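Here is the structure we will look at.
Keep in mind that what you see is a predicted model, and the values were worked out from it rather than measured. Sequential numbering from 1 along the given sequence is applied to the chain's residues.
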Amino acid sequence: DPPKAIASAVKPVRVQVVSLDWKWLFIYPDQGIATVNQLVVPAETPITYRLTSATVWNVFFVPQFGSMIYAMPRMTTRLNLQADKPGNYEGLSSHFSGDGFPGMQFQVQALPPDQFAMWAQGARGQGPALDGRGYAELSRPSSYVKPMTYGAVAPGLFDAIVADRVPPNPVPPAPRRARHPKRP
């Protein structure tokens, strides 16, 4: 049962997942950081995911962890998974979503819990901040995006994305060709 919490004496880590054209955004609300196309989790620790899509329906899938689940625009889906041991895993979109679909993959790194805590602490304050302006830039369609980390995240960004309150994709319209009158 994907939304059912995993029984554990260990407190779960929360991760908010946003499907974009054609990349994955992972927000760690308790750590105040975010990553793109790289999911870092503590092994042997339940992970509580909230998922949405900023564009079209998509499917979040890490085959070695178990269930795949849909991410839908203006909705949230819940998923609880756990990496049973440290390691590197492949994550992907398993639902065709347009031209950039083949590049919509991400790396999963399951670390021992103490190493995860050190990673999160080291990421905080390093790199750019993910705010409305940064999100507008990130949300532009692009594929085969290299993993990156945001050292700060605007509070409530995930809920704003779900509610469609963030700036729309700033994709400029195609330039118009100027028409010049013909000379006699």
Q: Dump the intermediate steps for side-chain contact (heavy atoms from CB on, under 4.5 Å) on Thr77 and Thr52, then the final yes or no.
A: CA-CA 7 Å; Thr77 307; Thr52 195; over 6 Å; no
(Q) Assess the residue pair Ile27 and Val15 against the criterion (side-chain contact (heavy atoms from CB on, under 4.5 Å)); give the C-alpha distance rounded to whole Å, side-chain angles, the decisive distance to 0.1 Å, and a yes or no. (A) CA-CA 6 Å; Ile27 301 170; Val15 178; over 6 Å; no
Q | Gln105 vs Glu90, side chain to side chain donor-acceptor pair (under 3.5 Å): CA-CA, chis, key distance, verdict | A | CA-CA 7 Å; Gln105 301 171 8; Glu90 298 292 324; over 6 Å; no
Q) Under the side-chain contact (heavy atoms from CB on, under 4.5 Å) criterion, do Leu20 and Trp22 qualify, and how do the steps go? A) CA-CA 5 Å; Leu20 296 160; Trp22 290 278; over 6 Å; no
Q.
Applying side-chain contact (heavy atoms from CB on, under 4.5 Å) to Val145 and Val36, what does each step give before you reach the verdict?
A. CA-CA 8 Å; Val145 175; Val36 175; 4.0 Å; yes
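Pairs of residues two or more places apart, or lying in two chains, that qualify as salt bridge (Lys or Arg N to Asp or Glu O under 4.0 Å) and include a residue from residues 43-64 are Arg50-Asp159. The stretch residues 7-20 participates, sequence neighbours left out, in these side-chain hydrogen bond (donor to acceptor under 3.5 Å, both in side chains) pairs: Arg14-Asp30, Ser19-Asn58. Under the salt bridge (Lys or Arg N to Asp or Glu O under 4.0 Å) criterion, no residue pair touches residues 72-83, with sequence neighbours excluded. Residue pairs meeting the salt bridge (Lys or Arg N to Asp or Glu O under 4.0 Å) criterion with at least one member in residues 142-156, sequence neighbours excluded, do not occur.
When ring centroids are compared, Phe60 and Trp24 come within the 6.0 Å threshold.
The OG1 atom of Thr55 sits 3.5 Å away from the CG atom of Asp21 when rounded to the nearest 0.5 Å. The CH2 atom of Trp119 lies 10.0 Å from the CZ atom of Arg124; values are rounded to the nearest 0.5 Å. Of the inter-residue distances, the one linking Asn88 atom CG with Leu111 atom CG reads 8.0 Å to the nearest 0.5 angstrom. In this structure, CE in Met75 is found 12.0 Å from CG in Leu51, a value given to the nearest 0.5 Å. With rounding to the nearest 0.5 Å, the separation of CG in Leu81 from CD1 in Ile47 is 8.5 Å. Rounding to the nearest 0.5 angstrom, the gap separating the CG atom in Asn37 from the CZ atom in Phe26 is 7.0 Å.
No side-chain donor from either of Ser143 and Lys23 sits under 3.5 Å from a side-chain acceptor of the other.
With sequence neighbours excluded, the residues that form a side chain to side chain contact (heavy atoms under 4.5 Å, CB included) with Thr149 are Thr35, Gln38, Ala123. Listed by chain and residue number, nothing satisfies the side chain to side chain donor-acceptor pair (under 3.5 Å) test with Thr45 (two or more places apart in sequence, or in another chain). Not a single ring pair (Phe, Tyr, Trp, His ring centres under 6.0 Å) links Tyr150 to another residue, sequence neighbours left out. In this view, Pro86 and Ala43, Pro112 satisfy the side chain to side chain contact (heavy atoms under 4.5 Å, CB included) rule, not counting sequence neighbours. Under the rule for a side chain to side chain donor-acceptor pair (under 3.5 Å), Gln126 has no partner lying at least two apart in sequence or in another chain. When the side chain to side chain contact (heavy atoms under 4.5 Å, CB included) test is applied to Ala120, the partners found at least two apart in sequence or on another chain are Gln31, Ile33. Shown here are the ring pair (Phe, Tyr, Trp, His ring centres under 6.0 Å) partners of Phe158, two or more places apart in sequence or in another chain: there are none.
More than 12 heavy atoms of other shown residues, nucleotides or ligands fall within 6.0 angstrom of atom CE in Met148.
No side-chain heavy atom of Pro12 sits less than 4.5 Å from a side-chain heavy atom of Ile6. A 4.5 Å side-chain heavy-atom check between Leu39 and Tyr28 finds at least one atom pair inside the cut-off.
Scanning both residues, Leu25 and Ala34, for their nearest heavy atoms gives CD1-CB, 4.1 Å. Between Tyr135 and Ile161 the shortest heavy-atom distance is CE1-CD1, 3.5 Å.
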